[in-house]
Amino acid sequence: MYLDGYQNLIPVQPNSPELMEPGLKILHFPDIDFNTNYLTFKRALSVIKKWSNEHPNHFPIFILIEAKDEGVADKNSFLSFFGFVRLLEFNIDALNAIDDEICDVFGDNLEGVITPDNIRGNRESLEDIILNDGWPTLEESRGKVMFGLDNQGSVMADYIAGHPGLKGRVMFVEANPGTPEAAFLGMNTPNPEIEIRVQQGYLVRTRADTDTRQARTGDSNRRDTALASGAHFISTDYYTPDVCHTTSSEWTDYSVTLPGHVPVRINPVSGQKELDGVNIE
């Protein structure tokens, strides 16, 4: 049971004291890809909160959380005999722990966090609000963070259960359009439907690359489609080129940045065209 993490910088030792502490841990994949910047979720949150407090006018930061309970031994049970770990199930208690640990760091009033309750108000449907009234303005959202659960299926269903319209929940979820919880959509493959959903008012996240393919081939088609799609968040494993390209012909200098290497830009689909080229940061 762990949260997915991609930035593998600090070597993790099995006797690291933080691993013995209760609470959620951050890593990419147990046993084979586990180095990380911060071992615990609360430590990572504390760093984010400190930075946010020091930069109160920053653009809203979207934090995507993937709850995972699969390891090498789960793919092949025979490997458990060789010391590969069998992971704890990410059950409802663990899902509640995500919300609890966010509240522990940001406070029970969640000041500085955009939550479903903030958006929905006294209405029943979160989707109804975002499609008809829209999201808070950029000015209203500066200096804040928001969280999204990058899980569907039973994990998402468990998180929603007992919380219609995500009442009392901290994270947004990738619920299907047409449901009271729908506000943020995970559309991993860039495609024309993204533009439609953006124009309707949903927040959309897509991926510029997957499984190292683009970094190996140098193919930028998926990246360019993602950048033009209007998706508000574009995930990549390569905000800088993989260092392997300097020593191996099997890798390229593929990377993903916004045009002009700016941190944010006017949305190419839903943004005000008269603001194109304006430095909004």
Open item on the list: Any non-hydrogen side-chain atom of R205 less than 4.5 Å from a side-chain atom of D150?
Closed with: yes
- [ ] List in chain and number order the residues that pass side-chain hydrogen bond (donor to acceptor under 3.5 Å, both in side chains) with N96, two or more places apart in sequence or in another chain; answer none if no residue qualifies.
- [x] R169
Open item on the list: Measuring only between side-chain heavy atoms, which start at C-beta, is E174 closer than 4.5 Å to M187?
Closed with: no
Open item on the list: Between T40 (side chain only) and R43 (backbone N and O only), is there a donor and an acceptor less than 3.5 Å apart?
Closed with: yes
Open item on the list: On a heavy-atom basis, which atom in A182 and which in P177 lie closest, and how many Å separate them?
Closed with: CB-CA, 4.0 Å
Only pairs under 3.5 Å count here: list side-chain donor-acceptor contacts from residues 101-109, not counting sequence neighbours, and write none if there are none.
residue: E101; atom: OE2; partner: L24; partner atom: N; Å: 3.1
residue: D104; atom: OD2; partner: K42; partner atom: NZ; Å: 3.4
residue: N109; atom: OD1; partner: E111; partner atom: N; Å: 3.3

Task: M146 reachable from I63 in the ILVMFWY side-chain graph, under 4.5 Å edges - done: yes
Open item on the list: I'd like to know whether T252 forms a side-chain contact (heavy atoms from CB on, under 4.5 Å) with Y238, so could you lay out the CA-CA distance, the side-chain angles of the two residues, the decisive distance to 0.1 Å, and finally the verdict.
Closed with: CA-CA 11 Å; T252 72; Y238 302 99; over 6 Å; no
Task: Enclosure of E250 CD (heavy-atom neighbours >12, cutoff 6.0 Å) - done: no
Open item on the list: Within the structure provided, determine whether T210 and R222 are in side-chain contact (heavy-atom separation under 4.5 Å).
Closed with: yes
Open item on the list: Atom CD of residue position E124 - does it have more than 12 heavy atoms of other residues, nucleotides or ligands inside 6.0 Å?
Closed with: no
Open item on the list: With clusters defined by side-chain heavy atoms of hydrophobic residues (ILVMFWY) lying less than 4.5 Å apart, directly or transitively, does W51 cluster with V113?
Closed with: yes
- [ ] Determine, stepwise, if the pair R123 / D133 fulfils side-chain contact (heavy atoms from CB on, under 4.5 Å).
- [x] CA-CA 12 Å; R123 304 268 277 276; D133 298 345; 3.3 Å; yes
Open item on the list: Do P136 and S141 make a side-chain contact, defined as non-hydrogen atoms from C-beta onward lying under 4.5 Å apart?
Closed with: yes
- [ ] Assess the side chains of D93 and N91: does a donor N or O sit below 3.5 Å from an acceptor N or O?
- [x] no
- [ ] Please check if the side chain of D117 supplies one atom and the backbone of G168 the other of a donor-acceptor pair under 3.5 Å.
- [x] yes
Task: Value rounded to 0.5 Å, distance of CG in D253 from SG in C244 - done: 13.0 Å
TODO: May I ask you to decide if T115's main-chain N or O and N118's side chain share a donor-acceptor pair within less than 3.5 Å?
DONE: yes
Open item on the list: For a quick check under 3.5 Å, do D209 and Y254 share a side-chain donor-acceptor pair by atom type?
Closed with: yes
Task: Within one Ile-Leu-Val-Met-Phe-Trp-Tyr cluster: F59 and L227, side-chain cutoff 4.5 Å - done: no
Task: Separation of Y239 OH from T257 OG1 (nearest 0.5 Å) - done: 13.5 Å
Open item on the list: Test your reading of the model: is there a side-chain donor-acceptor pair from E127 to the backbone of G178, 3.5 Å cut-off?
Closed with: yes
TODO: Please tell me if the side chains of P60 and L138 come closer than 4.5 Å, counting only heavy atoms from C-beta onward.
DONE: yes
Open item on the list: Looking at M171, is its backbone amide N or carbonyl O close enough to the side chain of Y159 to form a donor-acceptor pair, meaning the two atoms are under 3.5 Å apart?
Closed with: yes
Task: Gap separating the CD1 atom of I61 from the CD1 atom of I48, nearest 0.5 angstrom - done: 7.0 Å
TODO: Please report the closest heavy-atom contact between G165 and P116, naming both atoms and the distance.
DONE: O-CB, 4.5 Å
Open item on the list: Using 0.5 Å steps for rounding, measure from the NZ atom of K68 to the CD1 atom of I26.
Closed with: 12.5 Å
Open item on the list: With rounding to the nearest 0.5 angstrom, report the CD1 to CD distance, I114 to E140.
Closed with: 9.5 Å
Open item on the list: Taking V256 as the starting point, is it possible to reach L64 by hopping between hydrophobic residues whose side chains are less than 4.5 Å apart?
Closed with: no
- [ ] Mind running side-chain contact (heavy atoms from CB on, under 4.5 Å) on I98 and V170 for me, showing each step along the way?
- [x] CA-CA 9 Å; I98 299 176; V170 177; over 6 Å; no
Task: Salt-bridge criterion met for R207 and D237 (N-O under 4.0 Å) - done: yes
Task: Straight-line distance of R197 CZ to L203 CG, nearest 0.5 Å - done: 13.5 Å
TODO: Evaluate side-chain contact (heavy atoms from CB on, under 4.5 Å) for F147 paired with L45, printing each intermediate quantity in order.
DONE: CA-CA 11 Å; F147 296 88; L45 290 177; 3.6 Å; yes
Open item on the list: Could you report the tightest heavy-atom contact between T225 and P190, atom names first, then the distance?
Closed with: CG2-CB, 3.7 Å
Open item on the list: Are V198 and L258 linked, directly or through intermediate hydrophobic residues, by side-chain heavy-atom contacts shorter than 4.5 Å (ILVMFWY only)?
Closed with: no
- [ ] Mind listing the closest non-hydrogen atom pair of A226 and T206 along with its distance?
- [x] CB-CG2, 3.8 Å
Open item on the list: Quick one: does any side-chain atom of H232 pair with a main-chain N or O of V204 as donor and acceptor, under 3.5 Å?
Closed with: yes
Task: Minimum heavy-atom distance between L126 and E181, given as atom pair plus value - done: CD2-O, 3.8 Å
- [ ] Could you pull out the closest heavy-atom pair between Q214 and D219, with the gap in Å?
- [x] CG-O, 3.4 Å
Task: Reference residue F184; test ring-ring contact (aromatic ring centres under 6.0 Å, His included); the match among Y202, F62, W135, F172 - done: F62
